[in-house]
Chemist: 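This is the structure I want to talk about, given as structure tokens.
Bear in mind that the values here come from a model prediction, so they are computed numbers and not experimental data.
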Amino acid sequence: MSISTRTLGTAAPLTVSSLGLGCMGMSEFYGTPAHADGIATIHRALDLGVTFLDTADMYGPFTNERLVGEAIRERRDEVQLATKFGNERLPDGTRVGVNGRPEYVRTACDASLQRLGVDHIDLYYQHRVDPDVPIEETVGAMAELVQTGKVRFLGLSEASAATIRRAHAVHPITALQTEYSLFTRHLETEILPTLRELGIGLVPYSPLGRGLLTGAITRDSLPAGDSRSSGYFPRFQGENLDANLALVDAVRAIAGQLDATPGQLALAWVLAQGEDVVPIPGTKRVRYLEENAAAADLVLTREHLDALDDAVPADAVAGERYGDMSTIDSTA
């Protein structure tokens, strides 16, 4: 397999591996945390050339950054390290809310640097937009982190086109991280054209539809404690799940023609959306990392892409992305 590089952003360009690794599930949300497996998976990722690692302070909370920091301690120079702030949580896991206040930006960054054991963060995202704090104030504080050398590049997550424009006017934004996959295409109408107009890269999270597009999930396959089995993720509930699994079957049929798994085909589709797109599929297992990495070698023709569009129309997926969409920035 061959993992090449891609460049996020033009005004403030950051070169990363063309496929990244989302580390969240190693510590929380998707079943039992797997510290040792997570370390092994990160080491294998670096060996394969998957060097763009994604974490956040709220994952764990706080434990995922420590895990990533431990994994890269002897290999920091190989890594493009991304983390996020803004979803404030207490050590016991209690969710405080979204926080974009400038003073919080500064203290959150210092805490992340300490947990990660590094002297700088390559890409620092605002995890969610704080509706009570002007984006100009938040990004102004983030820009100060760049000036002091604590952060190299800035990003946003789940921001609307209008918010992205306002943020970019304060300091160049290198990347937007947001959900994007065959199952989630809401950004194609307005957000993606805005990114390309401004020269901002796209980092899709959940490019495998939170695992649905791997073909491994069935009605009864999610382990106890997996957040996807809760009402927080409507696409995994009842009739929605049945409808979405039927779409996965259609993807599986096309993948079979290419001697690929449905997950590999789904990742190849995301990679085919542009050289400014760098998906970050998450896993805590080496075998799934290797399967995902092999998607980088899968070449899709126009006929393959058209077949996928026919099999999974943009509005075909049943259920909202989240049961509560209130923290998603929808500023017009």
Side-chain angles (χ1 to χ4, degrees), residues 22-24 27-29 53-69 81-116 118 120-179 191 200 203 205-206 227 232 280 321-332:
C23 299
M24 179 190 78
S27 300
E28 194 179 16
F29 300 117
L53 305 183
D54 185 87
T55 182
D57 57 3
M58 68 92 68
Y59 300 157
F62 314 124
T63 55
N64 195 244
E65 285 186 326
R66 295 190 185 101
L67 183 157
V68 172
L81 179 60
T83 191
K84 317 176 201 67
F85 74 93
N87 277 327
E88 189 177 2
R89 296 177 74 185
L90 301 179
D92 67 1
T94 301
R95 293 176 183 261
V96 179
V98 176
N99 192 341
R101 295 191 299 273
E103 61 273 18
Y104 182 74
V105 174
R106 292 186 280 268
T107 59
C109 180
D110 286 343
S112 287
L113 288 169
Q114 184 175 28
R115 285 188 292 267
L116 289 161
V118 300
H120 71 277
I121 295 161
D122 295 307
L123 179 57
Y124 198 42
Y125 296 99
Q126 182 185 21
H127 207 161
R128 291 291 185 270
V129 176
D130 186 340
D132 298 323
V133 178
I135 192 66
E136 290 83 359
E137 294 183 14
T138 304
V139 175
M142 295 169 70
E144 293 175 7
L145 300 175
V146 176
Q147 293 160 9
T148 60
K150 294 179 180 180
V151 169
R152 293 179 62 213
F153 299 96
L154 303 184
L156 301 175
S157 180
E158 291 287 3
S160 67
T163 297
I164 294 164
R165 288 185 184 279
R166 290 168 57 197
H168 194 67
V170 175
H171 186 280
I173 300 299
T174 292
L176 174 75
Q177 182 176 141
T178 198
E179 187 171 354
I191 292 175
I200 299 171
V203 178
Y205 74 83
S206 296
S227 63
Y232 193 67
I280 50 168
R321 297 196 283 136
Y322 296 102
D324 177 6
M325 295 285 286
S326 64
T327 66
I328 304 300
D329 179 41
S330 57
T331 305

Chemist: Pairs in or reaching into residues 58-69: which pass salt bridge (Lys or Arg N to Asp or Glu O under 4.0 Å), with residues at least two apart or in two chains?
Modeler: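 Pairs touching residues 58-69 that pass the test: Glu65-Arg115.
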Chemist: Checking side chain to side chain contact (heavy atoms under 4.5 Å, CB included) for the pair His171/Met142: CA distance, chi angles, key distance, verdict?
Modeler: CA-CA 9 Å; His171 186 280; Met142 295 169 70; over 6 Å; no
Chemist: For the residue pair Ala161 and Ile191, what are the closest heavy atoms and their distance?
Modeler: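 Ala161 and Ile191 have their closest heavy atoms at N-CG1, 4.0 Å.
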Chemist: Work out which heavy atom in Ala159 is nearest to a heavy atom in Leu176; give both atom names and the distance.
Modeler: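 Result for this residue pair: N-CD1, 3.8 Å.
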Chemist: Roughly how far, to the nearest 0.5 Å, is the CD1 atom of Ile121 from the SG atom of Cys109?
Modeler: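 If I round to the nearest 0.5 Å, the distance is 4.0 Å.
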Chemist: Set out, in order, the CA-CA distance, both residues' side-chain angles and the distance that settles side chain to side chain contact (heavy atoms under 4.5 Å, CB included) for Ser27 and Leu67, then state yes or no.
Modeler: CA-CA 8 Å; Ser27 300; Leu67 183 157; 4.1 Å; yes
Chemist: Thinking salt bridges, do Asp132 and Arg101 make one under a 4.0 Å N-O criterion?
Modeler: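 No, this pair does not count.
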Chemist: Using the six-membered ring wherever Trp is involved, compare the ring planes of Phe85 and Tyr124 and label them parallel, tilted or perpendicular (cut-offs 30° and 60°).
Modeler: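 Phe85 vs Tyr124 ring planes: tilted.
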Chemist: Rounded to the nearest 0.5 Å, what's the gap from CG on Asn99 to NE2 on His127? Could you check?
Modeler: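 Rounded to the nearest 0.5 Å, the CG-NE2 separation comes out at 14.0 Å.
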Chemist: With side chain to side chain contact (heavy atoms under 4.5 Å, CB included) as the criterion, how do Val98 and Asn87 come out once you've worked through the C-alpha distance, each side chain's angles and the decisive distance to 0.1 Å?
Modeler: CA-CA 5 Å; Val98 176; Asn87 277 327; 3.8 Å; yes
Chemist: Where do His120 and Gly149 come nearest, in terms of heavy atoms and distance?
Modeler: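 The pair with the smallest heavy-atom distance is CB-O, 3.5 Å.
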Chemist: Identify whether the distance between the nearest side-chain nitrogen and carboxylate oxygen of Asp54 and Lys84 falls below 4.0 Å.
Modeler: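 Counted as a salt bridge, because a side-chain N and a carboxylate O are separated by less than 4.0 Å.
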Chemist: Under a 4.5 Å cut-off applied to non-hydrogen side-chain atoms, are Thr327 and Tyr322 in contact?
Modeler: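 A side-chain contact under 4.5 Å is absent here.
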Chemist: I'd like to check the salt bridge (Lys or Arg N to Asp or Glu O under 4.0 Å) partners of Arg95; sequence neighbours left out, ordered by chain and number.
Modeler: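 Once residues adjacent in sequence are excluded, Arg95 has no partner under the salt bridge (Lys or Arg N to Asp or Glu O under 4.0 Å) criterion.
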Chemist: Please list, chain by chain and in numerical order, all residues satisfying salt bridge (Lys or Arg N to Asp or Glu O under 4.0 Å) with Glu88, sequence neighbours excluded.
Modeler: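 In terms of salt bridge (Lys or Arg N to Asp or Glu O under 4.0 Å), with neighbours along the sequence ignored, Glu88 is linked to no residue.
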Chemist: For Ile173 and Gly155, work out which heavy atoms get closest and say how close.
Modeler: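 Nearest pair, atom of Ile173 first, then Gly155: CG2-CA, 4.1 Å.
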Chemist: I'd like to know whether Asp329 forms a side chain to side chain contact (heavy atoms under 4.5 Å, CB included) with Glu158, so could you lay out the CA-CA distance, the side-chain angles of the two residues, the decisive distance to 0.1 Å, and finally the verdict.
Modeler: CA-CA 6 Å; Asp329 179 41; Glu158 291 287 3; 5.9 Å; no
Chemist: Within this structure, what is the CG-CZ distance for the pair Asp122 and Arg152, rounded to the nearest 0.5 Å?
Modeler: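 The distance works out to 5.0 Å.
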Chemist: Supply the atom-to-atom distance Asp57 CG to Arg89 CZ, rounded to the nearest 0.5 angstrom.
Modeler: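 Reported to 0.5 Å precision, the distance equals 9.5 Å.
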Chemist: Looking only at side-chain N and O atoms, does Thr55 offer a donor or acceptor that is under 3.5 Å from a partner on Asn64?
Modeler: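 Indeed, the side chains of Asn64 and Thr55 share at least one donor-acceptor pair under 3.5 Å.
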Chemist: If you measure from OG1 on Thr174 to CG on Leu154, what distance do you get to the nearest 0.5 Å?
Modeler: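 Answer rounded to 0.5 Å: 6.5 Å.
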Chemist: If you take all heavy atoms of Gly100 and Val133, which pair is closest and at what distance?
Modeler: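 So the two residues come closest at O-CG1, 3.5 Å.
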Chemist: Which atoms form the tightest heavy-atom contact between Leu156 and Tyr125, and what is the distance?
Modeler: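 Answer, listing the atom of Leu156 first, then Tyr125: O-CD2, 3.4 Å.
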Chemist: Does a sphere of radius 6.0 Å around CD in Gln114 hold more than 12 heavy atoms from other residues, nucleotides or ligands, not counting ones at 6.0 Å or beyond?
Modeler: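 Result for CD/Gln114: open.
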Chemist: Nearest 0.5 angstrom please: Glu103 CD to Thr107 OG1, how far?
Modeler: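 The distance works out to 7.5 Å.
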Chemist: Report yes if some heavy atom in the side chain of Leu123 is under 4.5 Å from a heavy atom in the side chain of Gln177; otherwise report no.
Modeler: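 Not touching, per the 4.5 Å side-chain cut-off.
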